[in-house]
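Since the structure is predicted, the reported quantities are computational estimates derived from the model, not experimental observations. Computed from heavy atoms alone, side chains included, the values below leave out hydrogens, waters and symmetry copies. Each ligand, and each atom within it, is numbered from 1 in the order the structure gives.
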Amino acid sequence: MIGDILPPWVVVAERFDDVPEDSLFPEEEPLIARAVEKRRREFVTGRYCARTALARLGVPPGPILRGERGAPQWPSGTIGSITHCAGYRAAAVATSTSGITIGIDAEPGGPLPDGVLETVASPEEIATLGRFRDEDPRVNWDRILFSAKESVYKAWFPLTGRWLDFTEAVVDIEPSGEFTATLLISDPRMGTDRLTGRWIVASGLLATAIALPRVAPERHRSG
Ligand SMILES: CC(C)(COP(=O)(O)OP(=O)(O)OC[C@H]1O[C@@H](n2cnc3c(N)ncnc32)[C@H](O)[C@@H]1OP(=O)(O)O)[C@@H](O)C(=O)NCCC(=O)NCCS
């Protein structure tokens, strides 16, 4: 699913079920030692997806530890992002010569719980969603906006090491399946204040993804 909204230089592994429990490295066990079963399963399968995707880049299996504020510590020379929600786990990785940063997020397909939208979206963003809802009420536009903002954070944090509040990026969703995030705070490590991404609704789930290339997309296309 999420591979459909990422460019070819990003390698994806995803699962709609969980893997057997024995695939963690000993160094990863302390990260999950006190977790409840549900959390343990998503962590194990998320790491499994990450190692599967990294293997396709030629990276041998190894522990993926947790860095500052929960960000995965990717092997040297690689970048990536992990997401999990009920019924879905995925990892997206690339070489750091291909890309600058990646952020992916998957969510259950239903609407956001009451009251959440108002805490993550501006009145302008909410008004835009209202227009989209009038045009196509089958799509949970509020959940797409929420997910897009989480993808923005996952792309932002590994580069900057800084918190980014939901109010610090304005996300414009396009009904065609794209979105643009305008960052309201700048950081030189980011190199841009605009991130573009894509969204998809499929299999009762939705997902968003951002992949910032190191070179212009045309160069990637022409090889
Ligand atoms: C970190 C956050 C984005 C995770 O999203 P989520 O929907 O709760 O959970 P997901 O399953 O999609 O993603 C969890 C994975 O994200 C990754 N992650 C966690 N913190 C991260 C960070 N600071 N940077 C990058 N990736 C991070 C981890 O791999 C984690 O899985 P793991 O713990 O099993 O390794 C969310 O919990 C959060 O803190 N959001 C607030 C910040 C924000 O979104 N701001 C919006 C800016 S516009």
More than 12 foreign heavy atoms under 6.0 Å from CZ of Arg194: is that the case here? no

Any non-hydrogen atom of Trp156 lying under 4.0 Å from ligand 1? no

Could you check whether any heavy atom of Pro72 sits closer than 4.0 Å to an atom of ligand 1, since that is the contact criterion I want to use? yes

Could you check which of [options] puts a non-hydrogen atom nearest to [atom]?
| atom | options | answer |
| --- | --- | --- |
| atom 15 (C) of ligand 1 | Leu159, Ile82, Thr208 | Ile82 |
| atom 40 (N) of ligand 1 | Arg39, Arg66, Glu150, His84 | Glu150 |
| atom 16 (O) of ligand 1 | Arg89, Lys154, Glu28, Arg47 | Lys154 |

Judged by modelled atom types alone, do Trp74 and Thr78 share a side-chain donor-acceptor pair under 3.5 Å? no

For Arg47, is there an ion pair with Glu27 - N to carboxylate O distance below 4.0 angstrom? no

Report the part of [X] in contact with ligand 1, treating N, CA, C, O as backbone and CB onward as side chain, heavy atoms under 4.0 Å; options are side chain, backbone, both, neither.
| X | result |
| --- | --- |
| Glu168 | neither |
| Glu107 | side chain |
| Asp165 | backbone |

Applying the salt bridge (charged side-chain N to carboxylate O under 4.0 Å, His left out) test to Asp18, which of Arg41, Arg40, Lys38 qualifies? Arg41

Throw together a table of side-chain donor-acceptor distances under 3.5 angstrom for residues 99-108, partners on residues two or more places apart or in other chains.
from, atom 1, to, atom 2, distance (Å)
Thr101, OG1, Ala155, O, 2.7
Asp105, OD2, Ser147, OG, 2.8
Glu107, OE1, Arg143, NH1, 3.1

Tell me: protein heavy atom nearest atom 27 (C) of ligand 1, and distance? Ala71 CA, 3.7 Å

All side chain to side chain contact (heavy atoms under 4.5 Å, CB included) counterparts of Asp165, not counting sequence neighbours: Trp163, Thr167, Glu168

